[in-house]
Amino acid sequence: MDEFELLAELLLPDIDKTPDYYENLYPERKLPEGARVTRVAPSPTGYLHLGTLFTALVNRITATTSGGVFYTRIEDTDKKREVEGGIEDIIGGLERFGISIDEGFISGEEQRGDYGPYKQSERAEIYQCYAKELIRRGLAYPCFCTAEDLAEMREKQENQKVRTGYHGEYAKHRNITFAEAKAFIEAGRPFTVRLRSQGDESRRVVFDDVIKGKIEMPENDEDFVILKSDGIPTYHFAHAIDDHLMRTTHVFRGDEWISSAPKHLELFRLLGFKPVKYGHISPIMKLDSGAKRKISKRKDPEAAVRFFAEEGYPTEAVIEYLMTIAASDFEDWRRANPTTDYKAFKFNTKKMSVSGALFDNDKLNDVSKIIISKMKSGEVYSKLTAWANEFDGDFYTILTQEPEYTKKMLAVDRDNAKNARKDISKWHDARNYFAYYFDSLFVPDYSLPERVTADDAKAFLTEYIKAYSAEDDRQAWFDKIKAIAPEIGFAAETKEYKANPEGFKGSAGDLSGVLRLAVTGRANTPDLCGIMSVLGRDKCVARINNYINSI
RNA sequence: GGCCCGGUGGUCAAGAGGCCUAAGACACCGCCCUUUCACGGCGGUAACACGAGUUCGAAUCUCGUCCGGGUCACCA
């Protein structure tokens, strides 16, 4: 046995398999030409956040478009940062947003597929097997430096103003002999396994990023850690092994990974793997007192996807919005295919933005409004109450007191309208938006519309109550307003008034504004006639009288 | 600081040397439609970061400057 062989046995004595074993265990996938295998590999260090959702969406739609496979893998190699319930939240969150998972973790517990296990902590042997092979081939070695040693070295490098890191002459154990290693091991010293990099900083690596195009960087020459002292791999090593063995073809990930791509490429090369294709996604940004910055889990509520649930955005609205960011041609497609499922959209990575998009709440609201406006009242009822049940118990009670009443309320300007009203953009808006339907939420407003004096308003409303009937249809309803108008100096027809503004105080339209204010406390509402018919006679009359007495 | 990536209206963006007098969407403003409020329709304000080059011709190619972002761990 040569030195390397001896070293491999010394360091990882329990590993008896060779890479061949795994190569055979996880054969190439039998997929049609052009099918892409993608994945999202979250680490359960927190809850599902926007960036992960976005990345998952891009991977998902790429697999769908190409007739490939999309799977999930849990990267739990950092046990210190792991959060209880993180897997459940992330996987469950993806499901809730309609990101279907073909393989891997399909819930907090369950995994399925032939390329598992899909959790890195359950794959330790596999990584160690490949690490052992690398040691055997002289491409990896043990490093016995402590955290203090490394910190000291770093400080020295900083003082000398040289590039920091474990490379070249600073790679202390790069040339360690078997005998030295053996002595350390026998003394019980912990060690990491580092790659013996074959790279040279003066040479360039070039790769073709499917989103950003050609990227050129110096080769990696860092002897970075591939196995931590607990035998668990670092992200870099796990990425290479897993994505090869799981037969991933395309990796879409945040662009903060670009700078470590040379490490990954070197790993693929040294391991003899065919490199995956990378697509580096620009982060979603946020405007923070004038400055653009990456959306942050800690500072920004909308970074946690939970935020959208709390606000009550329909999940499909969030996805629809994310699609507009992901693909510049998506909105055109949507206009041409207004009702088609977004999953039918042919995603092209070349149409993906290379610079980071600012998170645009106005745009999200608009997208969401359109989606909600397309729902019928029954659907709105079930979604709204489901939301309220979870996030606003008080409102839930109010809404479900008389379900039929609530449904009628939701049907106004929706079910029978040719063009449904674009009103609320999220369920959270509903409480305020529909407040006047419920006495407990109603807030009167005793102001007056333009062109209408308090005396006119009183005169009009007093007459109106006499004529009003809850059974009036839209025509009868307005005819009554028009009938009163001339009596108090207002034009019955808008046109009349416009033709002769001096001749009238205003028009019937202004008077309906008074009515609206009296009944709803608002200047803008959906169809007033519809609202009054839902409210019923008693409430309307009471509110009108109250208004007359208060102005 | 080194190394990367980026920079078209307030925001998202189309744009591959002449089709650019620079599309579209959101937001904002105005008008029209309308028996109320909306929906809708029409229109408007508003941009190629800067400077050199290459070229008959540059938003588009090259270089430099500036600005923004990312990264330099036994974290992912």
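Throughout, protein chains are lettered first and strands after them, A, B, ... in sequence-line order, and every chain is numbered starting at 1.
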* When syn is taken as a glycosidic angle within 90 degrees of 0, is rC39(B) syn or anti? -> syn
Take the protein atom [atom1] of [X] and the nucleotide atom [atom2] of [N], then report the distance between them rounded to whole Å.
{"X": "I232(A)", "N": "rC74(B)", "atom1": "CD1", "atom2": "P", "result": "16 Å"}
{"X": "H239(A)", "N": "rA73(B)", "atom1": "NE2", "atom2": "C1'", "result": "18 Å"}
{"X": "F478(A)", "N": "rC37(B)", "atom1": "CZ", "atom2": "C1'", "result": "11 Å"}
{"X": "Y433(A)", "N": "rC37(B)", "atom1": "OH", "atom2": "P", "result": "14 Å"}
{"X": "E148(A)", "N": "rA73(B)", "atom1": "CD", "atom2": "C1'", "result": "14 Å"}
{"X": "D366(A)", "N": "rG24(B)", "atom1": "CG", "atom2": "P", "result": "17 Å"}
{"X": "I481(A)", "N": "rC37(B)", "atom1": "CD1", "atom2": "P", "result": "11 Å"}
{"X": "N524(A)", "N": "rU36(B)", "atom1": "CG", "atom2": "C1'", "result": "11 Å"}

When all nucleic acid strands are considered with a 4.0 Å heavy-atom cut-off, which category describes [X]: base, sugar-phosphate, or nothing?
{"X": "D362(A)", "value": "sugar-phosphate"}
{"X": "C145(A)", "value": "base"}
{"X": "I258(A)", "value": "sugar-phosphate"}

* To do: State which residue, out of K156(A), R163(A), E158(A), fulfils the side-chain contact (heavy atoms from CB on, under 4.5 Å) condition with Q160(A).
  => K156(A)
* Where do I215(A) and Y278(A) land on the side chain to side chain contact (heavy atoms under 4.5 Å, CB included) test, with the steps shown first? -> CA-CA 11 Å; I215(A) 294 178; Y278(A) 290 107; over 6 Å; no
With a 3.5 Å limit on both atom pairs, tell me what [N] is paired to, counting Watson-Crick and G-U wobble, or say none.
{"N": "rG40(B)", "result": "rC32(B)"}
{"N": "rG18(B)", "result": "rC56(B)"}
{"N": "rC75(B)", "result": "none"}
{"N": "rA49(B)", "result": "rU65(B)"}
{"N": "rG10(B)", "result": "rC26(B)"}

* Asked: Honestly, is R543(A) close enough over F442(A), meaning NZ or CZ under 6.0 Å from the six-membered ring centre and within 45° of the axis?
  -> yes
Separation of the [atom1] atoms in [N] and [M], to the nearest angstrom:
{"N": "rU34(B)", "M": "rA23(B)", "atom1": "C1'", "answer": "31 Å"}
{"N": "rG2(B)", "M": "rG9(B)", "atom1": "C1'", "answer": "36 Å"}
{"N": "rG17(B)", "M": "rU60(B)", "atom1": "P", "answer": "11 Å"}
{"N": "rA59(B)", "M": "rC48(B)", "atom1": "C1'", "answer": "5 Å"}
{"N": "rG15(B)", "M": "rU21(B)", "atom1": "C1'", "answer": "16 Å"}

What's the closest nucleotide to the side chain of [X] if the choices are [options]?
{"X": "A357(A)", "options": "rG69(B), rC12(B), rA76(B)", "answer": "rC12(B)"}
{"X": "R421(A)", "options": "rC74(B), rU36(B), rC37(B)", "answer": "rC37(B)"}
{"X": "E256(A)", "options": "rU71(B), rG69(B), rU35(B)", "answer": "rU71(B)"}
{"X": "R81(A)", "options": "rA76(B), rA25(B), rA14(B)", "answer": "rA76(B)"}
{"X": "V354(A)", "options": "rC5(B), rG6(B), rU35(B)", "answer": "rG6(B)"}
{"X": "E331(A)", "options": "rA73(B), rC4(B), rA25(B)", "answer": "rA25(B)"}
{"X": "R154(A)", "options": "rC72(B), rC12(B), rC74(B)", "answer": "rC72(B)"}

* Starting from the 5' end of RNA chain B, give me the residue, G509(A) or G356(A), whose nearest nucleotide shows up first. =>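 Its nearest nucleotide being more 5', the pick is G356(A).
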* To do: With RNA chain B as reference, determine whether T192(A) or S259(A) sits nearer its 5' end, using the nearest nucleotide of each.
  => S259(A)
* So F237(A) and Y127(A), would you call those rings parallel, tilted or perpendicular, with 30° and 60° as cut-offs? -> tilted
* Check: rC12(B) base within 3.5 Å donor-acceptor of T324(A) side chain -> no
* To do: Could you tell me whether the side chains of Y71(A) and T248(A) share a donor-acceptor contact shorter than 3.5 Å?
  =>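 Present: a donor and an acceptor within the cut-off.
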* Enclosure of K350(A) NZ (heavy-atom neighbours >12, cutoff 6.0 Å) -> yes
* Step through it carefully: locate the ring centre of F359(A), locate the ring centre of Y321(A), and say whether they are under 6.0 Å apart. =>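 Between Y321(A) and F359(A), which both carry aromatic rings, the centre distance is below 6.0 Å.
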* To do: Flag the pair Y235(A) / H264(A) as yes when their ring centroid distance falls below 6.0 Å, and as no otherwise.
  =>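 Yes, ring centres under 6.0 Å apart.
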* Asked: Does a side-chain N or O from K228(A) land closer than 4.0 Å to OP1 or OP2 of rC75(B), or not?
  -> yes
* Interface with RNA chain B, restricted to residues 511-519 of chain A and to heavy atoms under 4.0 Å -> S512(A), R516(A)
* Could you name each residue pair satisfying salt bridge (Lys or Arg N to Asp or Glu O under 4.0 Å) that touches residues 234-244 of chain A, not counting sequence neighbours? =>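 Pairs touching residues 234-244 of chain A that pass the test: R39(A)-D243(A), R73(A)-D242(A), R73(A)-D243(A), R123(A)-D242(A).
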